[in-house]
Amino acid sequence: MSARPLPQLTGLSAAFYAFCKARELRFQRCSGCAAWRHVPRERCGECGSPEFTWERSSGRGRLFTWVVATRSMHPAFPSEPPLAPAVVETDEGVRLVTEVVGCAPAELQIGLPVEVVFEDVSDEVTLPKFRRL
Amino acid sequence: MTTRACIVGIGETRYARDKTWSPTTLALNLEAATCAVEDAGLRLADVDGVMPFPGLSNVEEIAANLGLAEVAFASTVHMGGASPVASLLHAGLAVTSGAAKHVLLPAGWAGYSGARARQTVATDAASMPGGGIARDYYVPYGLTAPPQWYALLARRHMAEFGTRPEQLGAIAVAMRRHAQQNPNAVMRGRPMALGDYLASPMIADPYRLLDCCLETDGGAAIVVTSEERARDLARPPVRILAAAAGQPYPADEIVSRKDLFRIGLTSAAPRAFGAAGIRPSDADFAQIYDCFTFEVVQQLEEAGFCKRGEGGAFVEGGRIELGGELPVNTHGGLLSEAHVVGMSHVVEAVKQLRGDAGPRQVAGAELGVVTGFGDFGDGSIAILAR
Ligand SMILES: [Zn+2]
């Protein structure tokens, strides 16, 4: 099994994941129109403003959808036990791809309340994941 | 928009999963291209426009191998599986404006004997839709491949609208039935029933194996020219009444979309139907890009063949089978004919409108719709008429 691919810590991704390493889930919030956004972008798609702050998320949300990857499509992700890449919608209305840990795929349900946990996957990278509330 | 362009030539290679056959992707493109030019009654030297499929071939190697020394129009649309049908818009504009006389659209790949899709997709961020976004925010969680991306949507559709596995299965079964009438279909001679579908292993739950398109070797190509030039050529022209392309928003990221089910086709289809002056129900058949079963449901809904949420019911009861109200993918599609990146759907539409589809001919077919779907939901649609 090859090493799991990690995000490249450059630009806005470096900033996002640096907060995760500090155990903070932060998303961009537009200074022009107050819209939250993720994935990080240079400008606000709602109003065009390049100004933003990194605002702390409540870290809570609900499971929006998921897929159970029962057939491996990448050498670093074996099919046993299958991963279940998931989408969580946070209380701020931001959606992100993540994983619900400590919960078998068969127990996942749309709307499941979850809260963020942080998993150090390398010396440099910490991934935000979620657990059942 | 409307064009005054026609498809005048079609070409296909053999479609196969055959361990004794290892064609290169380039060879498949060249063979299909040569067949299409010949079918049109043209010489290769008449071709002055080339629109290769993105990432599989390029103008330079196509031109060098076919002896095309006078290429006036060279372009590639970067919309994944939506590219061939989107290219009809571009090629139509080129021949209508006079930028080119005869535009060749070659496509195809060695998807079976060459690098398999699941081995290559996520190991190279540059080759993925969304590029750095997928690399930094999807792939670290094991979300690496197309069936997984689209399964996220399928599950949500099932939850919101009650779409059932049996309805997705009805699509797979219909494609397989159509393939039995197609001598070039890889799945000819391998019939499949709903029970087989339901028993097939999960690949990217809720997608089973039989929700997924084939990986095959094959090439297909067409030639587009103006209505005026088309009159003098070998075969009856098929008119491109209208063609349109569109993107979801945002196009480079799936999960943040306010309306998760809105895709490129959602905006492209009304433009195309409006320009052609027809309604979806006027179509005699539809060739819908069927990378995975749910994407057929989604495109039928977003193109306006039925309302959103009603796609599951729409595909049941034989409605999309030959003899039904709207035969879909009369060749067997990506699911049961071969994966020819969307070009075989165009070729099949031309065969139907020429009346050349043999045992799978839709009687009296005069008007057909072809769609393309690619990347994170880019869409394209063409309305073709005899
Ligand atoms: Zn804003």
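Here is how names work: the chains are called A, B, and so on, in the same order as the sequence lines, proteins then strands, and each is numbered from 1. Atom set for the values below is all heavy atoms of this structure, side chains included, hydrogens, waters and symmetry mates excluded. Keep in mind the model is a prediction, meaning the values are calculated, not measured.
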Handout entry: Pick from B:P206, B:G142, B:A151 with the largest number of heavy-atom pairs that fall under 4.5 Å of chain A
Key = B:G142

Handout entry: B:I133 portion near chain A, given a 4.5 angstrom heavy-atom threshold
Key = side chain

Exercise for the section: Grab the two heavy atoms, one from A:V67 and one from B:Q148, that are nearest each other, plus how far apart they are. Expected result: CG1-O, 3.8 Å

Problem - When A:S13, A:P82, A:G11 are compared by non-hydrogen pairs under 4.5 Å with chain B, the top option - result: A:S13

Problem - Within residues 156-165 of chain B, residues adjacent to chain A where the heavy-atom gap is under 4.5 Å - result: B:R156, B:A159

Practice task
Could you tell me which portion of B:L260 (side chain, backbone, both or neither) has an atom closer than 4.5 angstrom to a non-hydrogen atom of chain A?
Solution key: side chain

Problem - Portion of A:L6 that has a non-hydrogen atom of chain B nearer than 4.5 angstrom - result: backbone

Handout entry: Nearest heavy atoms of A:V97 and B:Y137, plus distance in Å
Key = CB-O, 3.5 Å

Exercise for the section: For atom CZ of A:R43, decide whether the heavy atoms of other residues, nucleotides or ligands shown that lie under 6.0 angstrom number more than 12. Expected result: no

Problem - Any donor-acceptor N/O pair, A:Y17 side chain to B:D136 backbone, under 3.5 Å - result: yes

Fill in the blank from the handout: Scored by heavy-atom pairs under 4.5 Å with chain B, the best of A:V87, A:L96, A:V39, A:L83 is A:V39

Practice task
Would you check, one step at a time, whether the test salt bridge (charged side-chain N to carboxylate O under 4.0 Å, His left out) holds for A:R95 with B:E253?
Solution key: CA-CA 11 Å; A:R95 293 189 206 130; B:E253 205 282 308; over 6 Å; no

Handout entry: Rounded distance [0.5 Å steps], CG in B:L143 versus CH2 in A:W66
Key = 14.5 Å

Handout entry: B:Y141 to A:E99 - nearest heavy-atom pair and separation
Key = CD2-N, 3.9 Å

Practice task
Return the option, out of A:T10, A:T70, A:L9, A:V94, with the maximum number of heavy-atom pairs under 4.5 Å with chain B.
Solution key: A:T70

Handout entry: Structural part of B:Y249 lying under 4.5 Å from a heavy atom of chain A
Key = side chain

Problem - Close contacts, residues 101-125 of chain A versus chain B, judged by heavy atoms under 4.5 Å - result: A:I110

Fill in the blank from the handout: dist B:C212:SG -> A:R71:CZ (nearest 0.5 Å) comes out at 8.5 Å

Exercise for the section: Verify the neighbour count for atom CZ of A:R41: are there more than 12 heavy atoms of other residues, nucleotides or ligands below 6.0 Å? Expected result: yes

Handout entry: Which atoms of A:F64 approach chain B - backbone, side chain, both or neither, heavy atom under 4.5 Å
Key = both

